[in-house]
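Proteins come first, then strands; the chains are lettered A, B, ... in the order of their sequence lines, and each starts at number 1. All of these numbers come straight from a predicted model, not from anything done at the bench.
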Amino acid sequence: MPELPEVETMRRGIAGLCGARIVAARFPQGTCRPLAIAPPPTEIAARLEGHRIVSVARFGKRVAIEVGREESAPHWLVIEPRMTGLLLVAEPPTPNHVRMELEVATGTGSSAGACQKLLFWDQRGLGTIRLLDARGLDRACGAAKLGPDGLVVTGSDLAERLGESRRGVKIALLDQRAVAGIGNIYAAEILHRAAIDPRTPCHAVAAGAWEAVARAAREILASAVAHEGSSIGDELYRTADNRKGGFQKLHRVYGLAGTPCQACGAPIERIVQAQRSTFFCATCQPRFRGRRRRGTSPKPRAERLAKLVRRSLGA
DNA sequence: CGTTCAACCTGGGCGC
DNA sequence: TGCGCCCAGGTTGAAC
């Protein structure tokens, strides 16, 4: 479920816990398979309890809760919600999918004592929890793993990282090393706004069109953050205080197959790319027909063929 | 290098 | 009512 806007909404929803002290950390086993968690729950609990929440950051689709004491090196509790994970400071949708429960004491000195619970709830259990030091954080969330954030990505960022790729542009936008935070919903919405067919090979996207894609990404993602993400139908995503997001009302293509495009009236289409649904308007996002954009070197294909030849000779 | 596929899971919706 | 199947916002690794 959660893409950049949903994860950013979760981050903001728990940022008020900065300064709070972690009194207890529990990782209930629940009825389903234990969540991917490292190091083991008892070790994480021991290293969290008594420490304060220093900051709450977001890296792509992950939330990183910085914890530490003055005299010890900081650590980050990195939570990756994947499909159904939620960070909550409210009652969970169901009691039995609570994967982590942090009891935190807010306030200091004489006003201390107000206790709150921070929960990680995950129905499907595909999410992950990791406690990392600075080096681990860089390995997991650094530039080698995640491209520029979708809220600030530029056309030249995209052209540089994807310009020579043969992949369809929609599939490429889901590559977190190219740009961090875009998922299946927002990739569709971004390409609709940028008026580009999702099947267009990246190498056929004009240099100027990358600017349009990047601008659409920044605008769509910022608007979705302002609307606290997308809660589709009665689906699971909620803000940290258990409200629905509002951006689903502004979707132009995602989940709207068969309905008329709001811009042109043509029916929205659904296709499958890389085993995932893609929604688009064939009229607003006209199919790319040429071979390759002007000025692009044919190197990738030539290199591929050369490699194939070498391989067949070698074998 | 790129693509495809399966796997990791639960649960809702649908057709029969 | 129940069963089987398909679908879902993400990521990873194996195989080709």
Side-chain angles (χ1 to χ4, degrees), chain A residues 1-10 29-38 59-63 78-87 92-99 121-130 140-141 145-146 150 161-190 199 201-203 220-221 224 228-239 244-245 247-248 251 253-257 270 272-279 299-308 310-312 315:
Chain A
M1 161 194 328
E3 307 179 26
L4 185 155
E6 292 76 28
V7 177
E8 174 62 16
T9 303
M10 290 179 204
Q29 287 304 305
T31 54
C32 6
R33 133 189 188 272
L35 200 68
I37 185 168
F59 297 97
K61 302 174 187 173
R62 298 149 200 188
V63 170
V78 175
I79 294 172
E80 199 175 345
R82 298 273 176 102
M83 294 288 269
T84 53
L86 296 177
L87 282 168
T94 63
N96 56 326
H97 299 94
V98 175
R99 313 302 182 138
W121 181 92
D122 186 2
Q123 182 180 76
R124 285 170 73 175
L126 300 175
T128 66
I129 298 175
R130 286 173 291 181
C141 302
K145 209 72 176 223
L146 300 176
R161 288 170 170 75
L162 301 176
E164 300 302 315
S165 168
R166 308 172 61 83
R167 288 181 290 180
V169 60
K170 186 263 190 171
I171 296 169
L173 286 178
L174 299 179
D175 183 345
Q176 301 299 298
R177 288 168 312 184
V179 48
I182 295 173
N184 213 33
I185 293 178
Y186 296 104
E189 296 298 327
I190 287 163
R199 298 163 292 190
C202 287
H203 64 65
I220 294 260
L221 293 170
E228 301 184 300
S230 300
S231 295
I232 294 165
D234 53 357
E235 284 286 353
L236 299 162
Y237 165 70
R238 293 292 185 277
T239 63
K244 284 192 176 192
F247 192 73
Q248 67 280 0
H251 287 181
V253 290
Y254 186 84
L256 297 173
R270 174 187 180 272
V272 173
Q273 288 182 285
Q275 284 71 53
R276 309 189 72 191
S277 292
T278 296
F279 298 90
K299 226 162 98 184
R301 174 172 290 258
E303 278 178 0
R304 252 169 63 88
L305 289 174
K307 189 173 285 185
L308 276 175
R310 275 198 305 273
R311 188 178 300 174
S312 63

Novice: In terms of side-chain heavy atoms of S277(A), which of dT12(C), dT10(B), dA8(C) is nearest?
Specialist: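 For S277(A), the side-chain atoms sit closest to dA8(C).
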Novice: Just to be sure I understand: a Watson-Crick pair is purine N1 to pyrimidine N3 plus N6-O4 or O6-N4, both under 3.5 Å. Using that and G-U wobbles, which stems of three or more pairs involve DNA chain B?
Specialist: B:2-8 with C:10-16, B:10-16 with C:2-8
Novice: Nearest whole angstrom, please: distance from the C1' of dA8(C) to the CD of E3(A).
Specialist: 12 Å
Novice: Counting side-chain heavy atoms from C-beta on, which of dT4(B), dA8(C), dT12(C) comes nearest to R82(A)?
Specialist: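 Comparing dT4(B), dA8(C), dT12(C) against the side chain of R82(A), the answer is dT12(C).
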Novice: With no hydrogens and no angle check, do the side chains of Y237(A) and E3(A) hold a donor and an acceptor under 3.5 Å apart?
Specialist: no
Novice: Considering only side-chain heavy atoms of R167(A), which listed nucleotide, dT3(B), dT12(C), dG9(C), is closest?
Specialist: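 For the R167(A) side chain, the nearest candidate turns out to be dT3(B).
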Novice: Can you tell me how far C1' of dG9(C) sits from CH2 of W121(A), to the nearest Å?
Specialist: 13 Å
Novice: How long is the line joining CD of Q123(A) and C1' of dC8(B), in whole Å?
Specialist: 15 Å
Novice: Mind listing the closest non-hydrogen atom pair of Q123(A) and W121(A) along with its distance?
Specialist: CB-CH2, 3.6 Å
Novice: Does OP1 or OP2 of dT4(B) have a side-chain N or O of Q275(A) closer than 4.0 Å?
Specialist: no
Novice: Taking any heavy-atom pair under 4.0 Å as a contact, classify I232(A): base, sugar-phosphate, or nothing.
Specialist: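 Counting heavy atoms under 4.0 Å across all strands, the contact made by I232(A) includes a base.
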Novice: With C1' as the reference atom in both, quote the distance from dG9(C) to dT3(B) in angstrom, rounded to an integer.
Specialist: 22 Å
Novice: Please tell me which of the listed nucleotides, dG9(C), dT10(B), dT12(C), lies nearest to the side chain of N184(A)?
Specialist: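 Side chain of N184(A) sits closest to dG9(C).
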Novice: Applying side chain to side chain donor-acceptor pair (under 3.5 Å), can you list everything that pairs with R161(A), at least two apart in sequence or on another chain?
Specialist: none
Novice: Any base atoms under 4.0 Å from Y254(A), or only sugar-phosphate, or nothing? Heavy atoms, all strands.
Specialist: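 Result for Y254(A) = sugar-phosphate.
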Novice: Any side-chain N or O of R99(A) below 4.0 angstrom from OP1/OP2 of dT10(B)?
Specialist: no
Novice: Output the rounded distance in Å from CD1 (I182(A)) to P (dT11(C)).
Specialist: 12 Å
Novice: Within the pair K61(A) and dT11(C), is there a side-chain N or O less than 4.0 Å away from OP1 or OP2?
Specialist: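 Indeed, a polar side-chain atom of K61(A) lies that close.
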Novice: Starting the side chain at C-beta, find the nucleotide from dG9(C), dT10(B), dC8(B) nearest to L126(A).
Specialist: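 Among the listed nucleotides, the one closest to the side chain of L126(A) is dC8(B).
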Novice: Measure the distance from CZ on R62(A) to C1' on dT12(C) and round it to the nearest whole Å.
Specialist: 11 Å
Novice: Rounded to the nearest Å, what distance is computed from the OH atom of residue Y237(A) to the P atom of nucleotide dT10(B)?
Specialist: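 Value for this atom pair: 24 Å.
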Novice: Figure out the CG/P separation between L86(A) and dG9(C), and round it to whole Å.
Specialist: 16 Å
Novice: Among the candidates dA8(C), dT12(C), dG11(B), find the nucleotide nearest to the side-chain atoms of R124(A).
Specialist: dA8(C)
Novice: Would you kindly give the NE2-to-P distance between H203(A) and dC1(B), to the nearest whole Å?
Specialist: 17 Å
Novice: Among the candidates dG9(C), dT11(C), dG11(B), find the nucleotide nearest to the side-chain atoms of Q176(A).
Specialist: dT11(C)
Novice: Under a 3.5 Å threshold, yes or no: a donor from one side chain and an acceptor from the other, between T239(A) and E228(A)?
Specialist: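 Short answer, no.
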Novice: So which heavy atom on A188(A) is nearest to which on V253(A), and how close?
Specialist: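 Heavy-atom minimum between the residues: O-CG2, 3.6 Å.
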Novice: May I ask you to decide if the ring planes of Y186(A) and H251(A) are parallel, tilted or perpendicular, using 30° and 60° as cut-offs?
Specialist: perpendicular
Novice: Mind checking if R270(A) touches a base, just sugar-phosphate, or nothing, with heavy atoms under 4.0 Å?
Specialist: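 Sugar-phosphate contact only - R270(A) comes under 4.0 Å of backbone atoms but never of a base.
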Novice: Side chain of M83(A) only, heavy atoms from C-beta on: which candidate in dG11(B), dC8(B), dA8(C) is closest?
Specialist: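 Among the listed nucleotides, the one closest to the side chain of M83(A) is dA8(C).
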Novice: For T9(A), what residues pass the side chain to side chain donor-acceptor pair (under 3.5 Å) criterion, not counting sequence neighbours?
Specialist: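 Once residues adjacent in sequence are excluded, T9(A) has no partner under the side chain to side chain donor-acceptor pair (under 3.5 Å) criterion.
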Novice: If I compare all heavy atoms of S230(A) with all of E6(A), which pair ends up nearest, and what's the gap?
Specialist: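 Residues S230(A) and E6(A), closest heavy atoms: N-OE2, 2.8 Å.
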Novice: Using a cut-off of 4.0 Å on non-hydrogen atoms, how would the nucleic acid contact of T84(A) be classed: base, sugar-phosphate, or nothing?
Specialist: nothing
Novice: State, to 0.1 Å, how close C202(A) and L162(A) come at their nearest heavy-atom pair, and which atoms those are.
Specialist: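 Result for this residue pair: CB-O, 3.1 Å.
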